[in-house]
Amino acid sequence: QVQLVESGGGLVQAGGSLRLSCAASRSILSIYIMGWYRQAPGKQRELVASITGGGSTNYVDSVKGRCTISGDNAKNTVYLQMNSLKPEDTAVYYCKAVYNGGQYWGQGTQVTVSS
């Protein structure tokens, strides 16, 4: 199993930046893939960015050039650096891990971008 704890959300003005953290209970090198998802009110949860244990990354088109996903193996933590934030980025952001055939989610962290 994998436990995930997110942090770093908050209220920021449009154009600002936030860095979200997802601390895992095991080495992220052992995890097949980790991703950041978000869910806005009334909308489906969507993938924002993902990173494999080998370091390959993927981003949804709406955040390309503004967000960077990265991992710190020593801290077992995956980050999502978000820049040039827009009001439409407002959502609850969740961390997900795919490990040993199972999927694990964190509790979520709220990101609110004011215009």
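Starting from 1, each residue takes its place in the sequence as its number.
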Kindly give the heavy-atom pair with the smallest separation between Ser115 and Ala14, and that separation in Å. CA-CB, 4.4 Å
Shortest non-hydrogen contact from Gln107 to Tyr94? O-CE2, 3.6 Å
By the salt bridge (Lys or Arg N to Asp or Glu O under 4.0 Å) test, which pairs, at least two apart or in different chains, include something from residues 52-64? Asp61-Lys64
When you look at CD of Gln13, are more than 12 heavy atoms from neighbouring residues, nucleotides or ligands closer to it than 6.0 Å? no
Do Asp89 and Arg66 have side chains that approach each other closer than 4.5 Å (heavy atoms only, starting at C-beta)? yes
Is the shortest heavy-atom distance from the side chain of Thr109 to the side chain of Val92 under 4.5 Å? no
Can you find a pair of side-chain heavy atoms, one from Glu88 and one from Thr90, that are under 4.5 Å apart? no
If you look at every heavy atom in Val2 and Ala97, which pair is closest and at what distance? CG1-CB, 4.3 Å
With a 4.5 Å heavy-atom cut-off, do Ile31 and Val98 have their side chains touching? no
Side chains of Arg45 and Arg38: closer than 4.5 Å at any heavy-atom pair? no
For a 4.5 angstrom cut-off between non-hydrogen side-chain atoms, does Met82 reach Tyr93? yes
Quick check: is Tyr104 connected to Ile28 through a chain of hydrophobic side chains (ILVMFWY, heavy atoms under 4.5 Å apart)? yes
Quick one: which residue pairs count as a ring pair (Phe, Tyr, Trp, His ring centres under 6.0 Å) with a foot in residues 13-37, not counting sequence neighbours? Tyr37-Trp105
Straight-line distance of Tyr79 OH to Cys22 SG, nearest 0.5 Å: 10.5 Å
Less than 4.5 Å apart, side chain to side chain, heavy atoms only: is that true for Cys95 and Met34? yes
Would a distance-only check, ignoring hydrogens and angles, find a side-chain to backbone donor-acceptor pair under 3.5 Å from Ser62 to Val60? no
